[in-house]
Protein chains: 2
Amino acid sequence: MFFLKELPTDSMVEEYVSKTGVGNSGTISEALSMMREASQLIRLVDAYFSSHNLSQLKFLILVVIDREPDIESLRQSEINRRLDVSKPVLNRSVSSLLETGLLKRIEDKEDYRAHKLALTEKGKSTLKMIMPEYFKVISKFMNKQI
Amino acid sequence: MFFLKELPTDSMVEEYVSKTGVGNSGTISEALSMMREASQLIRLVDAYFSSHNLSQLKFLILVVIDREPDIESLRQSEINRRLDVSKPVLNRSVSSLLETGLLKRIEDKEDYRAHKLALTEKGKSTLKMIMPEYFKVISKFMNKQI
DNA sequence: ACATAATAGTTATCATGATAACTATTTAAG
DNA sequence: CTTAAATAGTTATCATGATAACTATTATGT
């Protein structure tokens, strides 16, 4: 997260940049704005998810399984290839989704180390229920940022 | 944090948007890209800071005190007004910076609830030492994102 | 075929974000 | 001037990110 309420002015960045002899002040300013803006949006989105006992990550786990074209389940390791998050963090969120009944485990006959994860009916309906407001939160935020 | 490695294509977003009847697909795609890009950059920056026993927040605490024009100390509550973070989180990071000797406490004679926080010499030199590479990390990342 | 690698999942531990609820002090209201 | 409200800082508890290290199973290379 990036927390600075008032970003440094371009001229302040320019001063730092010339002092340190590193980078380009326009690029740096742009990066700081982006981090700040994204942090605010991520916080809004997280708040929305947590009001539904979810998190950004849990939501994305449901999404990547749902979005798979021909199959209706994925291994944890396959989810991990689609999401840029560490194994233990993924594992914890998957466990939580199993506990709350949004995911179900399916035995994997081809590899006894693994198991497949599929959306339950509750998982599918939760995803469907959550999506519109998710888009609305994002749209609302983006329209403010002009 | 936003973890999806492969963002949905514009047409997938368009489909969701028309299904839910909410938002504008271009805006949503833009927001998803921004969250993803910023998450990656924030992770890089965090990794850089943690290699120096710091964090984004600790760094920003040092920055807002250093950047103050006429005074050389701020109260915790004043820092809180400049940084978009909860009181307890700020308090924890300030405590850690006091422990590691980058900040020092100064009695506040005008308000016995409060105390002022100033950079130590070590704090100042750490900030100076860290800045160039911080800019380099950001610049390098931004130049890749074309 | 068998020792070694790699892979799937898990556990333990830590850092850092949040809110709720607390003490102590200062400010404001009647 | 005294009670109530606001403010400064802190503590407790929880969620969610990370890495390191572990077990069990599968794949690989002589």
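Chain A is the first sequence line, chain B the second, and so forth, proteins listed ahead of strands; every chain is numbered from 1. Values below: all heavy atoms of this structure, side chains included; hydrogens, waters and symmetry mates excluded.
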- A:Leu117 versus A:Lys104: any side-chain heavy-atom pair under 4.5 Å? no
- Quick one: does B:Ser25's side chain get under 4.5 Å of B:Asp10's, heavy atoms only? no
Between [atom2] of [N] and [atom1] of [X], the distance in whole Å:
X	N	atom1	atom2	result
B:Asp111	C:dT25	CG	C1'	7 Å
B:Lys109	C:dT26	NZ	P	13 Å
A:Tyr112	C:dT10	OH	C1'	20 Å
B:Ile61	D:dG9	CD1	P	12 Å

- Message: Syn or anti for C:dA5? Use the chi torsion, O4'-C1'-N9-C4 for purines and O4'-C1'-N1-C2 for pyrimidines, with syn inside 90° of 0.
- Response: syn
- Complementary nucleotide for D:dA20 - Watson-Crick or wobble, under 3.5 Å: C:dT11
- Mind checking who C:dA5 pairs with, Watson-Crick or G-U wobble, both distances under 3.5 Å? none
- Return yes if some donor-acceptor pair links the side-chain N/O of A:Ser29 with the main-chain N/O of A:Gly26 below 3.5 Å, else return no. no
- Item | Residues within residues 65-80 of chain A bordering DNA chain D, heavy-atom distance below 4.0 Å | none
- Item | Sequence-aligned protein contact record of nucleotides 13-22 of chain D, with B where the base is within under 4.0 Å of a protein heavy atom and S where only the sugar-phosphate is | ---BBBBB--
- Message: Using the side chain to side chain contact (heavy atoms under 4.5 Å, CB included) definition, which of the options B:Asn24, B:Thr27, B:Ile28 pairs with A:Met142?
- Response: B:Thr27
- Query: Is A:Glu68 paired with A:Arg82 through a side-chain N to carboxylate O contact shorter than 4.0 Å?
  - Reply: yes
- Any ion pair linking B:Lys124 and B:Asp66 (charged N to carboxylate O, less than 4.0 Å)? no
- Query: What pairs with B:Arg113 under salt bridge (charged side-chain N to carboxylate O under 4.0 Å, His left out), at least two apart in sequence or on another chain?
  - Reply: B:Asp111
- Would you indicate, yes or no, if D:dG9 has its OP1 or OP2 atom less than 4.0 angstrom from a side-chain nitrogen or oxygen of B:Asn91? no
- Query: Under 30°, 30 to 60°, or over 60°: which ring-plane class applies to A:Tyr134 and A:Phe59, parallel, tilted or perpendicular?
  - Reply: tilted
